[in-house]
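What follows is one structure encoded as structure tokens, with my remarks underneath.
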Amino acid sequence: MTLPHAPSYAPSYAIIAGGDSRAFPPGDPFLAGAVPSEQAEVLIFLAGAPFRSDPARTAILIELGCECLGVHTGEAAGEEGSNVLGLARWRNGADPPSPLVELVRQPRSADGAIAAARDVLASAGLTVVVVADQAGRIVDRLLRPKLNAALRFLDEGLASAHDMDVTCRLGLGYPEGPIERVQRGGLADHHDVCRALFEIYGTAAYAPARRAVVAAQRRAHGVG
Amino acid sequence: MSVGAIRSVGVCGAGGTMGAGIAIVAARAGFRTLCHDTSTGALARARVECTAFFDKAVARGKMTAPARDSALAAVVPAADLAALATCDLVIEAVFEDLATKRALFRELDAICPPETIFASNTSTLSITEIASGCGREDRVIGLHFCLPAPLMRLIEVSPGINTSADTLHAAWAWAEACDQTPVRTQDKPGFILNALLVPFNNDAIRAVEAGVASPADIDTAIKAALGYKMGPLELIDLVGLDTQLRLGEAFYPITLDPRAAPPPLLRRMVAAGHLGRKSGRGFFRYDGNAMFGS
Ligand SMILES: NC(=O)c1ccc[n+]([C@@H]2O[C@H](COP(=O)([O-])OP(=O)(O)OC[C@H]3O[C@@H](n4cnc5c(N)ncnc54)[C@H](O)[C@@H]3O)[C@@H](O)[C@H]2O)c1
């Protein structure tokens with residue numbers, strides 16, 4: 001088991017804001033710890049901010065949505081990697097962000113950049129894991145097929161939404177069941193994440209479940 | 001069997017992991033509980049465990065000493081299957097083998113009165129198939145307990161195709177009388193719990209295999225993002241990689257769901273003897289209670 005990462009020294013960081021950040025929405029305490037970019041060892045480009053490389057920095061982090069880091073950096077037949085890393089803070093739809101940050105690396109990412117990025121984020125009390133640049137990273141890759149399965153079971157009459165949720169809470173000790181989770185996060189949002197993963201994996205597990213498609217279509221018609 | 005008419009419960013396979021726990025649940029709720037197992041040694045061991053469980057409950061203030069004494073008095077060993085003739089409900093938790101379970105229900109059909117309900121604790125088999133040919137298909141139902149049964153409240157209640165509404169109601173009422181929480185599910189592979197869990201666990205193994213992240217980081221991510229108490233790989237280590245393999249092998253041929261198919265890494269780890277906690281090594285290494293990164 002990895003021990004919690006307790007950095008002895010947290011590098012300074014600057015925030016380059018763009019549009020709406022899902023990772024660090026306005027008021028997030030992490031934003032208050034930033035320094036002006038001239039003084040920062042680590043630059044963090046939040047969603048929508050135009051990214052520019054800077055090899056002089058210890059690390060550069062780009063906030064990711066469903067896309068891969070390679071979309072921003074380019075790729076080189078498995079030899080890609082630099083001081084530029086991806087950052088994704090997991091959120092269930094419109095829920096507040098979770099403490100989890102998936103730090104996305106490439107095959108040749110600089111070890112020093114990963115260590116510095118970890119230190120910056122862990123010092124702010126976030127839980128940091130290092131992930132390869134694969135679609136859905138860890139959480140969406142594992143969670144979305146399960147939510148789709150639960151939604152399909154509901155359609156097929158395997159059990160009621162209530163009974164599926166109770167089963168997961170009592171039988172597995174989860175804080176909430178799959179139907180209550182996907183409903184709270186938003187079925188249309190679930191649809192969008194699944195579509196992005198389905199484009200890459202192409203397997204039935206990632207095809208958005210019917211109820212998610214319905215929610216997305218209603219949103220498109222302005223009735224969702 | 002009408003609702004509320006269940007007074008006496010038989011447990012077949014009461015010397016096993018699940019049967020012993022189910023007997024505790026029934027006896028704790030005041031049902032006379034006849035415990036049968038083909039292994040008398042296992043039955044004797046289960047009796048010792050049952051006594052220890054109730055003693056601990058008293059020591060922790062969860063049960064009074066008189067309640068323990070009456071619960072223990074309610075647990076009656078039944079070396080002979082014929083003793084189950086007095087039971088209103090018989091729950092089987094014998095080996096997970098269709099032929100064994102079917103043979104047992106056929107034998108019980110000749111022993112028990114016509115109104116006795118037969119319940120199966122199967123995890124992977126179909127209730128309808130277990131009931132088929134037993135002579136009382138309308139009085140057979142799935143009652144799937146969770147491990148450890150005396151601590152986990154959930155029971156998945158699954159009627160087969162021929163199960164009557166009366167049987168469902170009586171079994172449901174019995175579960176509630178045991179202070180358990182019943183949920184209703186169709187007779188489909190894995191019911192709810194394993195239908196969601198087994199593919200999810202396989203997906204976690206596939207993520208390791210695909211180099212997405214280390215097992216420790218996969219577990220950390222799931223716990224931090226979703227609030228699960230245990231990561232999927234830690235959980236697989238606990239239940240055993242061989243068990244995860246068996247579950248996948250049971251479900252995949254029936255559902256043809258690719259997520260249920262055992263991942264190649266799982267097969268290799270089982271072949272290498274990396275079975276999880278019980279062998280000291282799975283996705284993590286274990287030394288006594290300590291757990292280390294893989
Ligand atoms: N272990 C679990 O986590 C778990 C959870 C839920 C359901 N189940 C299900 O419960 C059942 C039992 O599983 P277990 O893990 O307790 O197995 P186990 O091997 O621990 O126990 C089975 C017991 O059944 C006895 N037995 C075998 N054939 C018998 C027969 N014909 N008549 C009477 N006794 C017989 C054996 O001697 C043994 O004591 C299986 O159907 C399994 O799928 C297991």
query: Among residues 241-257 of chain B, which residues come closer than 4.5 Å to chain A, judged by heavy atom distances?
result: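 Not one residue of residues 241-257 of chain B has a heavy atom under 4.5 Å from chain A.
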field: For A:Val139 against B:Ile222, the heavy-atom pair lying closest together
entry: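 Closest approach of A:Val139 to B:Ile222: CA-CD1, 4.4 Å.
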task: Specify the closest pair of heavy atoms between B:Gly227 and A:Pro175, including all atoms of both residues, with the distance to one decimal.
output: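 Answer, listing the atom of B:Gly227 first, then A:Pro175: O-CD, 3.3 Å.
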message: Can you tell me which portion of B:Arg259 sits under 4.5 Å from chain A's heavy atoms? Options are side chain, backbone, both or neither.
response: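 Side chain of B:Arg259 only, per the 4.5 Å heavy-atom cut-off to chain A.
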- prompt: What part of B:Leu147 gets closer than 4.5 Å to chain A, counting heavy atoms only: side chain, backbone, both or neither?
  reply: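 Neither part; nothing is under 4.5 Å.
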message: Does anything in residues 143-157 of chain A reach chain B? List residues with heavy atoms under 4.5 Å apart, or say none.
response: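 Within residues 143-157 of chain A, the residues under 4.5 Å from chain B are A:Leu143, A:Pro145, A:Lys146, A:Ala149, A:Ala150, A:Phe153, A:Glu156, A:Gly157.
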query: Using non-hydrogen atoms and a limit below 4.5 Å, what part of residues 23-34 of chain A faces chain B?
result: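 Residues of residues 23-34 of chain A touching chain B at under 4.5 Å: none.
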Would the distance check show the side chain of [X] and the main-chain N or O of [Y] forming a donor-acceptor pair, the cut-off being under 3.5 Å?
X: B:Asp217; Y: A:Val129; result: no
X: A:Asp163; Y: B:Arg184; result: yes
X: A:Gln134; Y: B:Ala210; result: yes

query: Less than 4.5 Å apart, any side-chain heavy atom of A:Ile138 and any of B:Val212?
result: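 When only atoms from C-beta onward are counted, B:Val212 and A:Ile138 do touch, with a gap below 4.5 Å.
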field: Minimum side-chain heavy-atom gap B:Leu196-A:Pro178 below 4.5 Å
entry: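 Answer yes - side chains close enough.
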query: How would you list all residue pairs meeting ring pair (Phe, Tyr, Trp, His ring centres under 6.0 Å) that involve residues 204-245 of chain B, not counting sequence neighbours?
result: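 Residue pairs with at least one partner in residues 204-245 of chain B: A:Tyr174-B:Tyr228.
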